[in-house]
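Being a predicted model, the structure only gives us computed values, none of them experimental. Basis for what follows: all heavy atoms, side chains included, without hydrogens, waters or symmetry-related copies.
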2 protein chains.
Amino acid sequence: MTILQSILFVTGNKHKLADVKNILGDRFEIKNHDYDLPEIQGSVKEVVLEKCKAAAEIVKGPVLVEDTWLGYKAMNGLPGPYVKWFLNSVGPDGLYRMVSAFDTKEAQAGCTFGYTKGPGKPIHLFEGILDGQVVPPRGSNGFGWNSIFQPNGHKHTYAEMTDEERNSCSHRYLAAMKLRDFLESEKN
Amino acid sequence: MTILQSILFVTGNKHKLADVKNILGDRFEIKNHDYDLPEIQGSVKEVVLEKCKAAAEIVKGPVLVEDTWLGYKAMNGLPGPYVKWFLNSVGPDGLYRMVSAFDTKEAQAGCTFGYTKGPGKPIHLFEGILDGQVVPPRGSNGFGWNSIFQPNGHKHTYAEMTDEERNSCSHRYLAAMKLRDFLESEKN
């Protein structure tokens with residue numbers, strides 16, 4: 001297939017970059033830059049809108065940003081966008097332990113992309129959500145909290161899947177498909 | 001005693017306002033306004049610096065802001081400044097339950113005031129930290145997560161103390177004493 005478009009993905013996370021390249025790379029050239037973008041406290045949508053706005057003002061052109069979250073049903077969606085702080089502080093095992101005393105281990109993994117054509121232009125959000133369970137850590141592939149998230153209907157955690165398996169079902173895949181559809185419709 | 005100074009405390013939390021009036025009210029007139037200030041993700045100091053900067057730009061004059069946190073030793077200081085989101089989502093009982101599967105229930109309650117004379121002026125931070133334990137909820141006085149925090153050396157949680165008892169030992173008291181000393185030294 002021909003490359004439709006080059007996209008600047010602002011992230012400092014090489015794993016997220018690799019995932020997005022894997023998922024969208026056959027149709028889009030994914031470039032990358034790591035700017036230090038402000039992240040606010042609030043809903044995921046608010047976080048992504050602010051990041052996208054800030055990135056567009058730095059880049060002065062089209063830009064893609066992303067935020068990932070893990071929401072526990074027992075905690076009404078938290079740690080949500082704050083999951084990265086908990087991951088850094090207590091690791092995947094601690095993230096499981098946090099919810100271990102609650103009745104339900106149901107969780108949602110979420111990814112929200114923000115895309116804009118430039119400063120002052122509309123910001124488009126593309127959200128992918130996958131239902132699953134939080135489990136004691138299993139597996140060593142993947143990154144972040146992949147070892148404790150087992151999507152419903154699967155026997156494996158993200159970290160027990162190959163990258164290809166994960167990237168064909170994940171929350172990031174679901175969001176990236178919406179982003180791809182939007183970008184392709186813009187080109188027609 | 002004579003009132004030294006009038007201070008504008010930007011907060012939407014009437015309980016925090018009452019505490020600060022109780023602690024500083026004999027020397028300072030505490031006025032209040034509730035502006036919607038941005039809160040970033042980051043360390044408490046970063047959160048307070050940004051809030052204070054934003055408040056000074058709105059008020060165009062001297063302003064006091066505050067952020068409160070509860071840090072679990074088992075979680076290396078988290079939920080920290082994100083504690084309010086967890087409190088809203090799971091309540092004090094859930095905040096205890098989060099840490100119940102960890103070995104230690106040690107915690108620190110923290111309060112950081114930010115004070116500046118106006119936009120572009122230096123921002124002064126005053127931090128109070130109190131060591132204690134997170135316990136299953138006890139008591140009905142106080143607010144927020146007061147029912148699950150028992151300071152070391154005390155047999156009662158904050159919520160089992162009277163307001164006067166809490167305001168003579170709390171993390172907010174410790175921070176307010178530093179703020180008071182600074183403001184009084186400025187007047188001499």
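Hydrophobic cluster membership is shared by A:I123 and A:W69, with clusters built from Ile, Leu, Val, Met, Phe, Trp and Tyr side chains linked at under 4.5 angstrom. Hydrophobic clustering, with ILVMFWY side chains joined whenever heavy atoms are under 4.5 angstrom apart, groups A:I23 together with A:F182. Hydrophobic clustering of Ile, Leu, Val, Met, Phe, Trp and Tyr side chains at less than 4.5 Å, counting indirect connections, keeps B:L37 apart from B:F126.
The backbone N or O of A:Q41 lies less than 3.5 Å from no partner atom in the side chain of B:E39, so there is not a single donor-acceptor pair.
Interface remark: B:S100 contributes side-chain atoms only to the contact with chain A (heavy atom separation under 4.5 Å).
A centroid separation of less than 6.0 Å is found between the aromatic rings of A:F86 and B:F86.
When every heavy atom of A:L78 is checked against every heavy atom of B:S89, the shortest pair comes out as CD1-OG, 3.4 Å.
By the neighbour-count criterion of 12 heavy atoms within 6.0 Å, atom NZ of B:K45 is sparsely surrounded, having that number or fewer from other residues, nucleotides or ligands. Within 6.0 Å of atom NZ in B:K73, 12 or fewer heavy atoms from other residues, nucleotides or ligands are found, so the atom counts as exposed in its surroundings. Annotation: B:K53, atom NZ; neighbour count of heavy atoms from other residues, nucleotides and ligands within 6.0 Å does not exceed 12.
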Might you work through the side-chain contact (heavy atoms from CB on, under 4.5 Å) test for B:M98 and A:R97, ending with a clear yes or no?
CA-CA 8 Å; B:M98 273 171 63; A:R97 201 174 294 187; over 6 Å; no

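Remark: B:F102 CZ to A:D93 CG distance equals 7.5 Å, nearest 0.5 Å.
Taking the six-membered ring where tryptophan is involved, the planes of A:Y82 and B:Y82 are essentially parallel, since the angle between them stays under 30° and well short of 60°.
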